[in-house]
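Have a look at the structure below before the remarks.
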Amino acid sequence: MTQRIPTQQFSTKKLGAQCQARAVKAALVCLLSVAAIGQVVKAQTANDMEVNSEAPSTPLTGISTNLSAQAYTGLFNTPNAQTLDWGSLGFNYSDSYFDKSTSFIEQPGFVRAHDMKFSAGILPGVEVTGRLGTRSIDCNMYRGSNCGFRDLSAALKWQLPFLPKAFDDFADVAIGIQDVGGASKFSETYYISADKSVALNRFGTMRFSAGVGMSDNALGWMNGLFAGVEYQVVDNLQLVAEYDAHALNVGVKAYAPQSWLPAGWQVSGSVQLHSSAPDHNEHDQWFSLGVRIPLTSNQRSDASRYSRTAAQSSIADAEQGEVAKKPAEERNRVPLANSNGKRDQACTKCNNVQGAGAEQLYHGELAQLSDALQRFGFDSISLGLHSQGGHSSLLISVENNVLNHDESQALAVIQSLAAKTTSLDFSIRLLNHGLPVFTEQPQLWQQPSQIHWQVVEQQPARWTPRLIFSPALSSLVGTEAGAWDYQWALSSNLIIDMWLGAVADVRHLSNAIAESDDFEYSNAVQRRFGLPSGIDRALFHQALIPTANFAAQLSVGQFEKNMHGLLVEGRWQSINKKHRVSVFAGDFDSELAVNFNQKASHQPALFKYRYRIQSLHTDIELTAGEYVMGDQGYSLKTHHWFNNVQVGLKYQRSQFSDLNVEEDFIGIGITLPLSFTKSMHPKYGFQLRGIERWHYFVQTSVNRPGEQNLVRTQFGQEPVYYHNLNNAYFNGDRL
């Protein structure tokens with residue numbers, strides 16, 4: 001379903017005759033580049049990747065699975081009952097697509113085209129796919145009539161988990177749909193498929209699949225009974241034959257040796273060598289290239305491993321300081337805890353010292369720990385002794401601005417440093433912008449009269465400029481203007497802490513670094529979708545966290561280039577973290593360029609409820625209310641976390657009641673960390689770093705048959721700014 005940009009006709013610019021060949025070569029170069037990158041990643045992560053016990057990938061069955069030429073895992077045109085591994089991303093490029101028209105061949109059939117699929121295994125046995133099929137890449141349909149079709153669609157496949165045991169032991173079963181929604185449907189298909197793998201010992205493995213589909217197309221493929229067989233002769237080669245309810249197709253699939261790639265990666269290619277229906281093919285030899293990347297690894301193991309390495313290096317650095325110059329018998333007069341945090345029995349009597357005696361006894365340990373934390377890069381370090389009932393405990397208060405991907409890494413490092421430098425029991429409090437966001441044993445911190453602070457605010461975080469760089473991207477996918485139009489710029493976001501919870505937030509966008517020709521030459525596209533250069537955000541934030549479960553923030557200033565006002569955000573989370581309720585209320589004035597600089601006032605009010613399924617690393621979020629531009633509606637989102645990568649799905653309905661205009665949208669997005677695991681040390685008085693959560697989202701409207709599929713830009717807009725409560729204080733809503 002092509003997305004249309006309603007605008008004036010553009011000046012003519014025709015494609016060169018070699019457009020198709022260049023695109024195929026580009027795809028091959030892209031996949032070879034991925035393999036090369038994989039070699040580098042493998043070299044850097046050898047023996048350092050473990051499968052997440054809570055999110056395991058599908059166990060090997062002796063036969064490989066990859067994306068088909070359609071928008072599902074399978075053979076060529078037919079699906080089997082397998083799905084993409086949970087926590088994996090897949091990309092596939094094919095050089096053919098089904099054309100229901102007769103613009104380029106005498107009758108409907110498979111034609112030369114660019115078919116690009118992006119897939120994600122979001123849950124066990126569940127894969128989603130976004131698909132773009134286009135006859136041409138950058139041919140602008142407003143400039144000429146020889147561009148062919150352009151179709152943007154989505155697909156879903158689910159391997160059924162609740163089959164009767166007798167049948168489940170015999171075969172796997174999956175159901176699915178491709179080409180969801182849209183006014184123009186090229187490949188709409190509903191199907192159910194079952195498969196069975198049979199090991200032939202030294203003769204390889206075979207997988208038989210069969211099913212029934214319902215597809216509304218003139219050709220009749222996937223409309224009726226279908227079947228196929230995959231024969232894995234050796235680890236890296238499959239012979240494939242299928243009947244797709246219309247034609248018999250045969251070919252081969254090849255897989256790159258695992259020894260060439262990082263653990264869990266897959267690079268594959270397939271070639272359909274023959275089809276029994278040549279009249280419905282521009283030719284019957286089509287190819288596909290694909291790559292699959294796992295996102296899951298054992299976060300706890302990784303954090304523990306990282307913390308041990310960090311602790312060793314930081315303590316080694318600290319021992320070169322003044323503490324290490326003391327006589328060894330003075331430094332080691334108290335047995336230290338071992339690396340897993342358990343206390344030696346000889347230390348228990350040492351904890352019975354209180355007051356000045358405790359401060360003197362543990363002075364060397366606290367100095368060494370403070371130095372190690374500072375050398376690692378933590379801010380606002382405070383260490384205190386809590387003494388009560390003849391027992392002393394160490395309180396560690398730290399702000400983390402160096403391990404920004406995941407706060408659990410910072411906690412693991414602090415725990416490891418403390419366990420290696422002190423014999424005391426300890427409790428950690430983690431700060432963000434001066435406010436406590438995580439506290440172990442909070443009862444100790446609630447007795448200030450029992451706490452004797454030995455180190456206070458070492459390396460303070462306040463007034464330290466932190467410049468956060470990230471790419472800024474505006475894009476259009478699958479429109480009449482082009483398959484993918486884009487404009488890239490550099491975002492520089494300055495963050496400065498002033499006092500507890502008070503932050504200055506200024507963002508600057510550079511001029512375009514790279515852009516497609518439609519952004520460069522088209523006034524309409526540039527005006528509506530272009531990135532504004534200069535300062536587009538200048539905000540003051542004041543946050544409060546009065547209890548462990550509640551937080552609020554007031555933001556005032558310029559939210560976008562043409563929008564000023566204030567926003568209040570409130571957040572409550574249950575003790576078990578399953579439930580979160582958020583509210584947003586704002587008052588904005590904007591100057592809308594599309595309406596001749598007319599000033600408009602908006603008072604958005606949104607309610608959000610999030611439910612967490614911890615075992616699946618999945619959040620379900622419902623949003624309802626009035627959006628930024630004055631439309632009312634609701635959205636349902638799912639967020640799926642795989643380490644520090646998040647894949648999100650969305651359905652949204654919104655309407656402008658005064659205009660009687662209503663729209664439905666579906667979309668898919670991904671959130672990535674674009675920074676080093678450990679950011680720059682702030683010892684120089686400033687910090688430069690990348691963004692820890694960069695978000696890219698693609699959506700399309702779901703139209704009724706016969707309606708134009710226009711690109712809508714003002715529906716369902718939520719307040720967007722980097723320094724929100726989830727990002728700034730709650731680890732992207734994971735703390």
Side-chain angles (χ1 to χ4, degrees), residues 1-7 71 117-120 122 126-133 149-158 176-190 216 474-481 528-529 584 594 602 604-611 619-640 647-670 695-720:
M1 46 185 174
T2 309
Q3 290 191 284
R4 183 179 298 276
I5 305 174
T7 182
K117 283 90 67 176
F118 171 81
S119 299
I122 60 170
V126 179
E127 69 178 29
V128 295
T129 302
R131 184 182 195 183
L132 175 62
F149 61 83
R150 193 164 289 145
D151 185 36
L152 185 64
S153 63
L156 176 69
K157 187 179 183 183
W158 181 29
I177 176 177
Q178 72 171 9
D179 204 348
V180 179
S184 177
K185 297 179 184 295
F186 280 73
S187 54
E188 183 180 22
T189 305
Y190 302 84
D216 183 15
S474 177
S475 67
L476 298 171
V477 180
T479 69
E480 273 83 354
R528 290 189 58 191
F529 307 103
F584 295 82
V594 294
H602 310 287
L606 293 172
F607 170 86
K608 292 177 178 285
Y609 169 72
R610 186 265 290 151
Y611 178 76
D619 294 338
I620 302 173
E621 184 176 83
L622 174 66
T623 301
E626 181 172 326
Y627 295 97
V628 170
M629 301 308 295
D631 53 318
Q632 299 88 32
Y634 65 90
S635 68
L636 183 63
K637 302 178 184 178
T638 63
H639 303 293
H640 309 270
V647 177
L649 305 176
K650 181 177 79 169
Y651 168 77
Q652 183 176 68
R653 171 172 288 184
S654 177
Q655 67 173 351
F656 286 92
S657 56
D658 53 341
L659 300 177
N660 196 26
V661 178
E662 183 178 66
E663 287 288 337
D664 295 276
F665 301 89
I666 57 173
I668 184 171
I670 188 168
H695 185 62
Y696 181 60
F697 192 85
V698 176
Q699 73 175 26
T700 180
S701 57
V702 181
N703 298 79
R704 300 166 182 82
E707 293 183 354
Q708 285 188 334
N709 190 13
L710 303 179
V711 178
R712 309 292 190 181
T713 59
Q714 296 183 344
F715 286 82
Q717 292 187 18
E718 298 184 24
V720 178

**Request:** Write out all pairs satisfying salt bridge (charged side-chain N to carboxylate O under 4.0 Å, His left out) with one or both partners inside residues 630-639, taking only residues at least two apart or from two chains.
**Result:** Lys637-Glu718
**Message:** A side-chain contact here means heavy atoms from C-beta on lying under 4.5 Å apart; do Glu127 and Ser119 qualify?
**Reply:** no
**Message:** Quick check: closest heavy atoms across Ser187 and Asp179, and the distance to 0.1 Å?
**Reply:** N-OD2, 3.0 Å
**Prompt:** Can you find a heavy atom in the side chain of Leu152 that is under 4.5 Å from one in the side chain of Thr479?
**Reply:** no
**Prompt:** Sequence neighbours excluded, which residues qualify as side chain to side chain donor-acceptor pair (under 3.5 Å) partners of Gln652?
**Reply:** none
**Complete:** Heavy-atom closest pair (Gly630 atom, His602 atom, distance to 0.1 Å) is N-ND1, 4.3 Å
**Prompt:** If you round to the nearest 0.5 Å, how far is CZ of Phe584 from CD of Glu626?
**Reply:** 15.0 Å
**Message:** Just to verify, what does Lys157 make a side chain to side chain donor-acceptor pair (under 3.5 Å) with, not counting sequence neighbours?
**Reply:** Thr73
**Asked** If you measure from CD on Glu663 to CZ on Phe665, what distance do you get to the nearest 0.5 Å?
**Response** 5.0 Å
**Asked** If you look at every heavy atom in Ser654 and Gly716, which pair is closest and at what distance?
**Response** OG-N, 3.8 Å
**Asked** If every non-hydrogen atom of Val647 is compared with every non-hydrogen atom of Ala120, which pair is closest and at what distance?
**Response** CG1-CB, 4.1 Å
**Asked** For the atom pair CD1 (Ile670) and NE2 (His695), what is the distance rounded to the nearest 0.5 Å?
**Response** 10.0 Å
**Request:** Any chance you could measure Ser635, atom OG, to Arg653, atom CZ, to the nearest 0.5 Å?
**Result:** 13.0 Å
**Message:** The test is side chain to side chain contact (heavy atoms under 4.5 Å, CB included); show your working for Thr129 and Ile668 and say whether it passes.
**Reply:** CA-CA 9 Å; Thr129 302; Ile668 184 171; over 6 Å; no
**Asked** Is Leu622 close to Tyr611 at the side-chain level, that is, under 4.5 Å between some pair of heavy atoms?
**Response** no
**Item:** Between OG1 on residue Thr638 and CD1 on residue Ile122, distance to nearest 0.5 Å
**Value:** 5.5 Å
**Message:** What's the separation between atom CD in Gln655 and atom CG in Asp664, rounded to the nearest 0.5 Å?
**Reply:** 10.0 Å
**Request:** Would you check if the distance from the ring center of Phe715 to the ring center of Tyr627 is below 6.0 Å?
**Result:** no
**Message:** Looking at every heavy atom in both Pro719 and Leu606, which two are closest together, and how far apart are they?
**Reply:** CD-CD1, 4.2 Å
**Message:** Looking at Gln178 and Ala71, would you say the former's side chain and the latter's main chain have a donor-acceptor pair under 3.5 Å?
**Reply:** yes
